[in-house]
Amino acid sequence: MRRFDLSLYLVTDEIRRPGLEDDVIAAVRGGVTLVQLRDKSAPHAVVAEFARRLKARLDEHRVPLILNDRVEVARMIGAAGVHIGTRDMTPAEARQMLGPNAIIGVSVSEAAHLDRFDPADVDYVGIGPVHPTLTKPDHATPIGAEGLARLCAAARLPAVAIGGLTAQDAPAVRAAGAQGLAVVSAILSDGDAEQAARRLRRAWEEAASGDVARPAAE
C-alpha cells in the first residue's frame, strides 16, 4: 500500500467551476495533504482531461490525487487511487483494477456499511456526514461527533471525517479518533483557498493535545 496523509483532505466541487484548478493548488500550498476530484455529472472525457492536468501540478507538490468513483479514469491517468461510495463499485473490484499500490477509500455513514467490504481491500474510510452539508444534498443523516467516534472505533482502519466541517471541529474530530478533516466549502468557498487551508492546518495541529490512539495510515 502507498503511504498517504489524511490530515487535511480536500474534496473538490464541480470541475467546470472557473478557477478550481488554481484554487486546489493554492490549498495545497496552505497545507492540504490529499485531493479527491469529485464531479458526479461531468462526462468521463472531461474529468479525464482535468484530472490529468491537475495530477501533473499536484505531482510537483507530491500530493496524491484520488478520483471519486471513476476507477477507469483513475487507471487511465495513473491517479493515486479512488474513493468509492456505498452504492458504487466494490473495493475488491477497484483493487483488482488498480492494483496493490492504489489508495482506496470507502464512504461510511453507518455501522452496516463496514460489513460490505473486506478491510484488506481498503486503505481508509471517509466517515460522515458529521454535520449537514450543502455540497451533497442527498447526504445521509448527520452522525455528529459521537457517531463519528463510534464508527472510527468500529472501522479499525484509518479514518477521515467529512460533512460540514470547519476549523472549529478539529478538536472533536481528533478526539473521535479520525486521522483528518475532509472539507469542500471550508476551503473552496472561502475566497482565499490558501489561507483557508492554512487555518484548517493550524487548527488540526493545535488540536493534537486531544489526540487518541488510532490505526496508522500505510
Side-chain angles (χ1 to χ4, degrees), residues 1-12 15 20-21 24-25 27-29 31-40 42 44-108 113-128 151-152 154-162 177-184 197 201 204 213-218:
M1 304 294 180
R2 295 182 59 159
R3 299 186 67 83
F4 56 97
D5 182 348
L6 292 170
S7 57
L8 186 51
Y9 183 139
L10 175 62
V11 183
T12 74
I15 64 176
L20 176 60
E21 184 179 327
V24 171
I25 298 304
V28 167
R29 289 196 298 269
V32 161
T33 55
L34 196 63
V35 175
Q36 178 192 141
L37 182 57
R38 184 173 74 183
D39 188 322
K40 296 285 189 180
H44 280 320
V46 174
V47 172
E49 180 183 356
F50 186 92
R52 185 179 286 109
R53 194 168 61 243
L54 181 60
K55 179 182 179 300
R57 296 184 68 181
L58 290 174
D59 285 349
E60 296 174 6
H61 297 273
R62 298 186 178 183
V63 170
L65 175 65
I66 288 174
L67 269 65
N68 183 279
D69 293 345
R70 315 265 187 155
V71 180
E72 185 54 45
V73 174
R75 182 169 65 175
M76 183 169 62
I77 70 161
V82 293
H83 184 91
I84 51 184
T86 55
R87 290 170 290 186
D88 303 310
M89 178 182 290
T90 68
E93 292 170 328
R95 177 67 66 199
Q96 187 173 19
M97 289 181 65
L98 298 177
N101 293 324
I103 300 169
I104 294 182
V106 176
S107 294
V108 171
H113 293 160
L114 298 170
D115 298 327
R116 296 180 180 175
F117 59 84
D118 183 343
D121 294 319
V122 175
D123 296 290
Y124 75 93
V125 289
I127 298 179
L151 290 177
C152 284
R156 299 182 179 180
L157 284 166
V160 62
I162 190 168
Q179 290 198 327
L181 299 160
V183 300
V184 184
R201 177 90 247 164
W204 182 253
R214 53 188 182 274
E218 293 292 334

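Keep in mind the model is a prediction, meaning the values are calculated, not measured.
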Heavy-atom side-chain contact between Glu72 and His44 under 4.5 Å: no
Distance (rounded to the nearest 0.5 Å) between Leu67 CG and Met76 CE: 9.5 Å
Ala197 versus Leu8, closest heavy-atom pair with distance: O-CD2, 3.4 Å
Closest non-hydrogen atom pair, Gly81 against Ala102: CA-CB, 4.5 Å
Straight-line distance of Leu181 CG to Ile162 CD1, nearest 0.5 Å: 10.5 Å
Thr33 side chain to Asp5 backbone, donor-acceptor under 3.5 Å: yes
Pro158 and Leu6, any side-chain heavy atoms less than 4.5 Å apart: yes
Asn68 side chain to Leu37 backbone, donor-acceptor under 3.5 Å: no
Over all atoms of both residues, closest heavy-atom pair of Ser107 and His83: OG-NE2, 2.8 Å
Any donor-acceptor pair under 3.5 Å from Glu93 side chain to Thr90 backbone: yes
Atom CD of Glu49 with >12 non-hydrogen neighbours under 6.0 angstrom: no
Close side-chain approach of Leu157 to Phe117, heavy-atom, < 4.5 Å: yes
Pairwise side-chain contact, Ile103 with Tyr124, heavy-atom cut-off 4.5 Å (strictly under): yes
Carboxylate-amine/guanidinium contact Asp69 Arg38, below 4.0 Å: no
Qualifying residue, where the test is side chain to side chain contact (heavy atoms under 4.5 Å, CB included) with Val106 and the options are Ile84, Ile127, Val82: Ile84
Leu114 versus Ala154, closest heavy-atom pair with distance: CD1-CB, 3.7 Å
Heavy-atom closest contact (Val32 atom, Val35 atom, distance): CG1-CG2, 3.9 Å
Asp39 side-chain N/O to Ala42 backbone N/O, donor-acceptor pair under 3.5 Å: yes
Lys/Arg-Asp/Glu bridge criterion (N-O < 4.0 Å) met for Arg57, Glu60: no
Side-chain heavy-atom pair Phe4, Tyr9 within 4.5 angstrom cut-off: no
Any residue meeting side-chain hydrogen bond (donor to acceptor under 3.5 Å, both in side chains) with Arg201, in chain and number order, not counting sequence neighbours: Ser7, Glu205
Ala159 to Cys152 - nearest heavy-atom pair and separation: CB-SG, 3.9 Å
For Ala56, side-chain contact (heavy atoms from CB on, under 4.5 Å) partners two or more places apart: none
SB check Arg95 Asp123 (cutoff 4.0 Å): yes
Min side-chain heavy-atom separation Val24-Thr12 under 4.5 Å: yes
Heavy-atom side-chain proximity of Ile15 to Val47 below 4.5 angstrom: yes
Summary of ring-ring contact (aromatic ring centres under 6.0 Å, His included) pairs that have at least one residue in residues 59-78, sequence neighbours excluded: none
